[in-house]
Amino acid sequence: MGKNPVTVTVTGAGGQIAYAALFRIAAGDMLGPDQPVALKLLEIPEGVRAAEGVALELTDSAFPLLQNVEVTTDIAAGFDGTNVALLVGARPRTKGMERGDLLEANGGIFAPQGRAINDYAASDVRVLVVGNPANTNALIAQRNAPDVPAERFTALTRLDHNRAAGILAEHVGAPVADVEGVSVWGNHSPTQYPDLTHATVGGRPAYEVADPEWIRGPYVERVAKRGAEIIEVRGSSSAASAAGASIDHIRDWVLGTGERWTSVALPSEGWYGVPEGLVCSFPARSSGGRWSVVEDLSMDEFSAGKLAASVAELEAERDAVEELLG
C-alpha cells in the first residue's frame with residue numbers, strides 16, 4: 001500500500017519564490033521520491049490568477065507524486081488539514097516605509113494565518129515562514145496558534161546558511177560539499193552573524209584555510225547583504241535560491257540531518273542566552289522530525305557581540321508588534 005499524501009500549503013503561490021519551489025515539491029525534492037503530495041495554493045484575490053496559472057502548469061507536468069492541486073483565497077480552506085505550511089507571501093517593503101510599518105503590515109497577514117493554522121491544520125503541522133521580516137513574522141504566527149507546539153514554527157535562515165557556505169567555498173576554491181559546521185545566528189537581516197568558528201573546509205578549520213581578517217570583515221558583511229547584492233545585479237530579489245533553501249529546510253526537518261548541522265530560526269528556549277520565545281537562528285540538527293539546537297559551542301567575545309546585536313534587533317521587533325502576539 002502506498003503512502004498517504006502529505007498536504008502542503010504554500011502562501012503567495014503566484015509569486016516568484018513559490019513558482020520556483022512548487023515544481024520541485026511536486027517532483028519529490030522536498031519530502032522524498034516516494035512521498036505523494038497534495039498542494040494547496042493560497043493567494044490574495046489580486047494574485048489568484050497567477051496561482052491558477054501555476055496550477056495549470058503543475059497539471060501539465062504530470063508529476064507522479066502530485067495527487068491534486070487546489071487554488072484558494074479562503075484562509076480556512078487553505079490550511080485545512082495542512083501538514084507542511086510554507087508561508088511565502090508577505091507585504092514587501094516599499095519606498096519610504098519604516099521597518100515598524102513593515103512589521104505592522106505583515107502582522108495583519110501572519111496573525112490571521114497563525115489562527116487559521118491553529119484551528120484547521122493537521123495535528124502534525126510544520127510551519128516555515130519565508131516572507132520577511134521572517135523571524136518576527138514567525139513569532140506573530142506562532143503566538144496566534146496557542147494549541148500548536150511552539151517548536152513547529154520556524155523561519156528561514158537556511159538561505160543565509162547556504163549563502164555562507166557557498167561564499168566561503170568560492171573564496172577558497174573548494175567544493176561546497178567540503179564545507180561543514182557553518183552557523184548563522186540571530187535575525188534574517190543585515191545584523192545576522194555567519195559564524196565560521198567551528199566550520200571546516202575539507203576537514204581543515206576555516207580559520208586556517210581563509211584569512212581571519214576576511215572572515216570577520218568582508219565575509220560577514222557580504223553574507224549579510226547578499227540579498228541586496230542580488231537585487232542590484234539581477235534587478236529583482238532572490239527567488240530560486242530562496243525556494244531551494246525552503247526545500248532544504250523542510251527536507252532536513254522531515255528526513256533528518258544526520259551528524260551535520262544547519263541553521264534554523266526557531267523559538268528560543270534560552271539557548272546561548274537568547275530570551276525565551278524569541279525566534280532566533282541557531283545551529284541545529286534534525287532527528288525524528290524534530291529540531292534540536294547544537295548546544296555548548298564555544299563563542300568568543302567577537303561572536304557573542306554579534307549575536308547580542310542581532311538579538312537586540314529581534315527584541316525591538318518583538319516589542320513593536322506586541323499587540324499582535326495573541
Side-chain angles (χ1 to χ4, degrees), residues 8 10-31 50 54 57 84-90 92-93 127-135 137-138 154-196 199 201 218-255 257 260-265 281 283-284 286:
V8 178
V10 179
T11 72
Q16 288 192 64
I17 294 174
Y19 188 79
L22 283 163
F23 298 90
R24 292 187 60 193
I25 295 170
D29 290 353
M30 186 171 81
L31 297 174
V54 176
E57 286 200 76
V84 176
L86 302 183
L87 307 187
V88 179
R93 190 169 186 170
V127 182
L128 171 61
V129 176
V130 179
N132 288 319
N135 294 55
N137 287 341
T154 61
L156 185 69
T157 51
R158 180 58 175 268
L159 177 57
D160 306 303
H161 182 97
N162 288 351
R163 286 169 170 168
I167 289 170
L168 173 62
E170 181 182 58
H171 181 77
V172 301
V176 72
D178 285 355
V179 176
E180 294 190 36
V182 171
S183 303
V184 174
W185 304 88
N187 199 3
H188 176 63
S189 80
T191 70
Q192 67 174 266
Y193 173 47
D195 180 13
L196 299 184
V201 182
Y219 171 73
V220 169
E221 184 174 1
R222 192 172 192 201
V223 174
K225 297 181 178 179
R226 184 65 154 193
E229 180 183 356
I230 289 170
I231 291 172
E232 181 180 351
V233 173
R234 183 173 179 260
S236 58
S237 59
S238 308
S241 57
S246 301
I247 288 169
D248 291 344
H249 176 111
I250 297 294
R251 183 185 62 242
D252 282 353
W253 194 354
V254 173
L255 301 179
T257 58
R260 296 171 70 119
W261 71 66
T262 183
S263 300
V264 179
S281 185
S286 174

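- Legend: residues meeting side chain to side chain contact (heavy atoms under 4.5 Å, CB included) with T191, ordered by chain and number and at least two apart, are N187, S189, S310, E313.
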N/O donor-acceptor pairs under 3.5 Å from side chains in residues 238-248, not counting sequence neighbours:
unit_1	atom_1	unit_2	atom_2	d
S238	OG	R163	NH2	2.8
S246	OG	A242	O	2.8
D248	OD1	R251	NH1	3.3
D248	OD1	R251	NH2	2.9
D248	OD2	N162	ND2	3.1

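- How far CG of L159 is from CZ of R226: 10.0 Å, rounded to the nearest 0.5 Å.
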Worked verdict on L31 versus V8 for side-chain contact (heavy atoms from CB on, under 4.5 Å) = CA-CA 10 Å; L31 297 174; V8 178; 4.1 Å; yes

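- Not counting sequence neighbours, the partners of W261 by the side chain to side chain donor-acceptor pair (under 3.5 Å) test are S183.
- Counting only residues at least two apart or in different chains, salt bridge (charged side-chain N to carboxylate O under 4.0 Å, His left out) contacts with residues 176-187 comprise E180-R260.
- Put simply, the side chain of T154 never gets that close to the backbone of V129: no donor and acceptor are under 3.5 Å apart.
- V179 meets the side chain to side chain contact (heavy atoms under 4.5 Å, CB included) test with A165, L168, A169, V182, V201; sequence neighbours excluded.
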Does the pair L86 and I17 meet the rule for a side-chain contact (heavy atoms from CB on, under 4.5 Å), with working shown?
-> CA-CA 11 Å; L86 302 183; I17 294 174; over 6 Å; no

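- With sequence neighbours left out, E221 forms a side chain to side chain contact (heavy atoms under 4.5 Å, CB included) with K225.
- For the atom pair M30 CE and I250 CD1, the distance stands at 6.0 Å (nearest 0.5 Å).
- A side chain to side chain contact (heavy atoms under 4.5 Å, CB included) with Q192 holds for exactly one of V223, V220, T157; it is V223.
- Residues meeting the side chain to side chain donor-acceptor pair (under 3.5 Å) test with T11, sequence neighbours left out: none.
- For Y219, there are no side chain to side chain donor-acceptor pair (under 3.5 Å) partners, not counting sequence neighbours.
- Taken to the nearest 0.5 Å, the NE2 atom of H188 stands 4.0 Å off from the CG atom of N132.
- No donor-acceptor pair under 3.5 Å is formed between the side chain of S281 and the backbone N or O of S263.
- When all heavy atoms are compared, the tightest approach of H249 to R158 is N-NH1, 4.2 Å.
- With sequence neighbours excluded, the residues that form a side chain to side chain contact (heavy atoms under 4.5 Å, CB included) with A155 are A134, N135, A138, A265, V279.
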